[in-house]
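Worksheet for the structure shown next.
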Amino acid sequence: MERYNFKTVEEKWQNFWQKNKSFKTGLDKKKKKFYCLEMFPYPSGKIHMGHVRNYTIGDVLARFKTLQNYNVLHPMGWDSFGMPAENAAKENNLDPKDWTEKNISVMKTQLKKLGLSIDWDREISTCSPDYYKHQQIFFLELYNKGLIYKKENYVNWDPVEQTVLANEQVIDGKGWRSGETVERKKLSQWFFKISEFSDELLNGLDQLDKWPNKVKVMQKNWIGKSFGCEIDFKIKANTSVDKIKCFTTRPDTLFGFSFLALSVDHPISKFYEKDKEYQKFKQQCSKTGTTEESIAQAEKIGFKTDLIAINPFDEKSEVPVYFANFVLMDYGFGAVFGCPGHDQRDFEFAKKYNLPIKTVVKPKDFKGEFKVKDEAYVGDGIIINSSFLDKLSTPNDAISKAIEEIEKRKAGKKKINFRLKDWGISRQRYWGCPIPIAYDDNGDYITVPINQLPIKLPENINLKTKGNPLNHQEEWRKIKIDGKIYKLETDTLDTFVDSSWYYLRFCSPNNKSYGYDFDEIKYWMPVNQYIGGVEHAILHLLYSRFFMLALKHKNEKFVSKEPFDGLFTQGMVCHETYKDKNNNWLYPDEVFSDDGKNYFKINDKRERVIVGPSESMSKSKKNVIDPEKIIRSYGADAVRLFILSDSPPEKDIQWSEQGMVASYKFINKFWLLHKKIIKKIKMNNGSIDTYDLDVFTNKLIKKISTNLEKFNYNVIVANIYETYNFLIKEIEKDYKSVLLKENYLKILTLMMPIIPHIISEAIKDLDYNKKLAWPIANDKYLQEKYVNIVVQINGKKKSLIKIEKNLPDIEVINKIKEDEKISNILSDKNLLKHIIVKNRLVNFIVK
RNA sequence: GCCCUCGUGGUGAAAUUGGUAGACACAAAGGACUUAAAAUCCUUGCCCUUUUGGGAGUGCCAGUUCGAGUCUGGCCGAGGGCACCA
């Protein structure tokens, strides 16, 4: 029998799908829709295994929903602005545009070879003026809504990328892409007012019940809502300062107040700039790096001012004011009131500077006198030593009473504070979306009128200049607005802006006048299922949620709220790491083994390989497998089958050559089985009723359908193997041909989402030309005639008895007692009672 | 330090949501076919017993229950996120 030739079959069907536009999005708006979206890739050169996994998972879902007769939107595009293009172009003297376009064409070809059911007619690319024109229009819109502003502040400066990073892009004090230590620099920057929506972004999370809890928790922590109050502390001193504002969540501990601490960036610091000691202190603070270790180990240090702060609850209580290294300017008001008894950080500070440590909270059940000694007591309890707050329980009663009292004394008011900061969107880079702002000679700016958009990037420019290349484009910068010459803004937008609305663009990718068509997004949005890596849990997903709220703001027509109804975060693809004895990484391709040990070849000699732990595939560790090569050797179906098998999609998967080979063998085995079945059907001489097969098929429909809904794709692969194991035995029976064919078509349809090429070819052999539909399980076959009853004695399984379904209890018991083994056990025991779980189990309780 | 998630064979994992633990696969060992190898197929998989059979068993300890991988409490371990957030 001829062997399955995946090459010709896969190519044939991929051509067929392309020619027939098989995955073109339907236009019938009366049909139920399903918007399936995977995070679009950055066109870095070639696809990697992470892409294969991500897009296979999405494709299975899209194909399943299509078979279920949904109108499916399954598009693909390119997140094509960004620094790698600029850097690569700089190195090779290319235009970033050419580099990007070349990569897109390579990756598109590769994705097609996976057999993805993508509507390529909707392809978009964020670096195309057709796309970023609309982004510039959105910029103007948000600007006019007051959601964009410019301010000068300290920024995270990446010295390698020569650009500003958002807080979220700084990981352990290092740039998220460059890995270089980030510097503090003062710059004038554009900001999105994301903090305006803090509460909505937080509350919206509650509606997202199809999101992983993990992601919601991360966003919740990031938004960081805390309840408390602001307090104006009166200042006694000879300077012009008369009060300092603080934010606190613990006004109930105000009687434990023993110092006030300020950030070195606090406005008051200007009175101390000339003080030599202060300068020294400030420098010391800046030296405390931003790395993980330095933060963890940083000693709490302070600089004592001549200011004295007064406790609003006790005018006689006066405490010193310090500058302290642990106070951040961009949270609260850059000032904290120190209560060493009940805050560990304040406690350490007080110990160092010998400040009083007063105990004002005592644990609820503590008997006798409670005193803070070796560490702060931060738990709940009863207020003590606090005048009118005494005996109140904290947090609840004491905090509200304290706030009430503060408001009565006009010393402050109730306040909610968020950790979420505004999103800095300026980047000093060429390869990004230009910001539609122009400056006059005085440095005052205006927005560029809509009819002059898009502002296109200049082409063929010199990138090897220092800093932002656009700064050197004098001609390009000139723009005439209302007859007057202005100079364009040279900052470009953070690429996270590009990906914050692309899901809207996919709904109407060719709409010329505006970024989206209202009717289209009304039908398609929200995305029903969004699939991507968990590394975007905060950045991209929070920004996208913000963007929807910003578009909706003051726009009654825009009804959608959350962009992504369902979110699925897939795990990473891992591989063992290999090194030689000099600690140089080795590619898996270089490693071979013949006697159970691993070697690689060097100068015609073999040398032992040191095998390291399995880690997420990364170019730097060389533990990568090239998808294209794998597809070439085993075919797309086998790759899809393997990448879905073994591990659940949300968990990391180990790449294994053996596993890959097993999937490949299965594809071939399956084809041989298929040919046998076709032969049986063609012979058309069977006489056996298909009851057993019907039962199997209908159970399978139920299993695979529910497993698809629950993303249990690894179990579906197991279901497919089970199906093979079942059919290879069943095929010996001479089933009635028509019925066999009917069952077999259903079974093939169930496998279509996973291995579409071979299944398409197999269905062709059935001479079936109608539109495929997802089979529905017939309840008749799910109700079995016989059931296996587990017989337990005192909860332990003793026997398994096959009886008719739905027998009355008494008959079940009688049948079981006929069982020799059970009756033997029961004969010398005292039967106390029995528990019957219908059609499943009988438990005898004996003594 | 705080928050979240997870602990099941040699390995990746299943388990109808409280009811047959280990489906499905990888690896291993033994066997069949073959001159041989590859490919393919079959068998085995903890302890005691020659078999029949019996027993233990889902990180550890307790609890709830007729019955716990699944529920509750405590402990141990692994992974991830946040990190001076006042």
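A close approach under 4.0 Å does not occur between any side-chain nitrogen or oxygen of A/K216 and OP1 or OP2 of B/C4. For B/C85, one of the phosphate oxygens OP1 or OP2 lies less than 4.0 angstrom from a side-chain nitrogen or oxygen of A/R345. For A/K669 and B/C41, the shortest distance from a side-chain N or O to OP1 or OP2 is below 4.0 Å.
A/Y721 meets the ring pair (Phe, Tyr, Trp, His ring centres under 6.0 Å) test with A/F666; sequence neighbours excluded. The ring pair (Phe, Tyr, Trp, His ring centres under 6.0 Å) search around A/H540 returns A/Y530, A/H536, not counting sequence neighbours.
Rounded to whole Å, the distance from CG on A/D343 to C1' on B/G1 is 12 Å. In this structure, A/Y331 atom OH and B/C85 atom C1' are separated by 5 Å, rounded to whole Å. In this structure, the CD atom of A/Q219 is 14 Å from the C1' atom of B/C82, given to the nearest Å. Counting to the nearest Å, the P atom of B/C4 and the CG atom of A/N221 are 9 Å from each other. For A/H834 and B/U65, the NE2 to P distance is 21 Å, given to the nearest whole Å. Remark: P of B/G81 and NE2 of A/H536 are 14 Å apart, rounded to the nearest angstrom. The OH atom of A/Y664 sits 12 Å away from the P atom of B/A39 (whole-angstrom rounding). Put simply, NZ on A/K300 is 13 Å from C1' on B/A86, counting in whole angstrom units.
Regarding the sugar-base torsion, B/U35 falls in the anti class, its angle being beyond 90° of 0. The glycosidic torsion of B/G9 lies within 90° of 0, placing the base in the syn range.
The CD1 atom of A/I301 sits 13.0 Å away from atom CD of A/E348, with the distance rounded to the nearest 0.5 Å. For the atom pair A/I653 CD1 and A/Q570 CD, the distance stands at 11.0 Å (nearest 0.5 Å). Considering CG of A/D232 and NZ of A/K243, their distance stands at 4.5 Å, rounded to 0.5 Å.
Across all strands shown, A/K838 has no heavy atoms under 4.0 Å from either base or sugar-phosphate atoms. Across all strands, A/K665 comes closer than 4.0 Å only to sugar-phosphate atoms, never to a base (heavy-atom distances). Here A/S226 lies in heavy-atom contact (under 4.0 Å) with sugar-phosphate atoms only. Using a 4.0 Å heavy-atom distance criterion, A/K703 is classed as making no nucleic acid contact.
As rounded to the nearest Å, B/A27 and B/U34 have P atoms that lie 25 Å from one another. The P atoms of B/A86 and B/C71 are separated by 33 Å, rounded to the nearest whole Å. B/C61 and B/A56 have their P atoms separated by 15 Å, given to the nearest Å. B/C47 and B/A39 are spaced 38 Å apart, taking the C1' atom of each and rounding to whole Å. With C1' as the reference atom, B/C6 and B/G67 are 26 Å apart, rounded to whole Å. Between B/A21 and B/G9, the distance separating the two C1' atoms is 11 Å to the nearest Å. B/U64 and B/G74 have their C1' atoms separated by 15 Å, with the value rounded to a whole Å. Spacing between B/A29 and B/G79 at atom P, rounded to whole Å, works out to 32 Å.
In this structure, A/Y353 has its ring center no closer than 6.0 Å to that of A/F259.
Pairing partner, B/A39: none, since no Watson-Crick or wobble contact has both distances short of 3.5 Å. Nucleotide B/U52 forms no Watson-Crick or G-U wobble pair with any nucleotide shown, as no partner meets the under 3.5 Å limit on both distances. Nucleotide B/A86 forms no Watson-Crick or G-U wobble pair with any nucleotide shown, as no partner meets the under 3.5 Å limit on both distances. B/U70: no Watson-Crick or G-U partner with both key distances under 3.5 Å is found in any strand.
The residue from A/H575, A/Q654, A/E576 that alone fulfils the side-chain hydrogen bond (donor to acceptor under 3.5 Å, both in side chains) condition with A/S614 is A/Q654.
Relative to the side chain of A/N325, the nucleotides B/C84, B/C3, B/A86 differ in distance, and B/C84 lies closest.
In this pair, A/F233 and A/F337 present their aromatic rings tilted. The plane angle is within the 30 to 60° band. In this pair, A/Y543 and A/W423 present their aromatic rings parallel. The plane angle is below 30°, not in the 30 to 60° band.
Taking the nucleotide of RNA chain B with the nearest heavy atom to each of A/M218 and A/S656, the more 5' of the two is matched to A/S656. Residue-to-nucleotide proximity on RNA chain B shows that, of A/Q658 and A/N417, the 5′-proximal contact is made by A/Q658.
On a pure distance criterion of 3.5 Å, no polar donor-acceptor pair joins the side chain of A/K220 and the base of B/C3.
Annotation for A/K413: atom NZ does not count as buried by contact number, only 12 or fewer foreign heavy atoms lying within 6.0 Å.
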Notebook entry, point to check: In B/S/- notation, 5' to 3', how is nucleotides 9-24 of chain B contacted by protein heavy atoms closer than 4.0 Å?
Noted result: ---BSS-B--BBS-BS
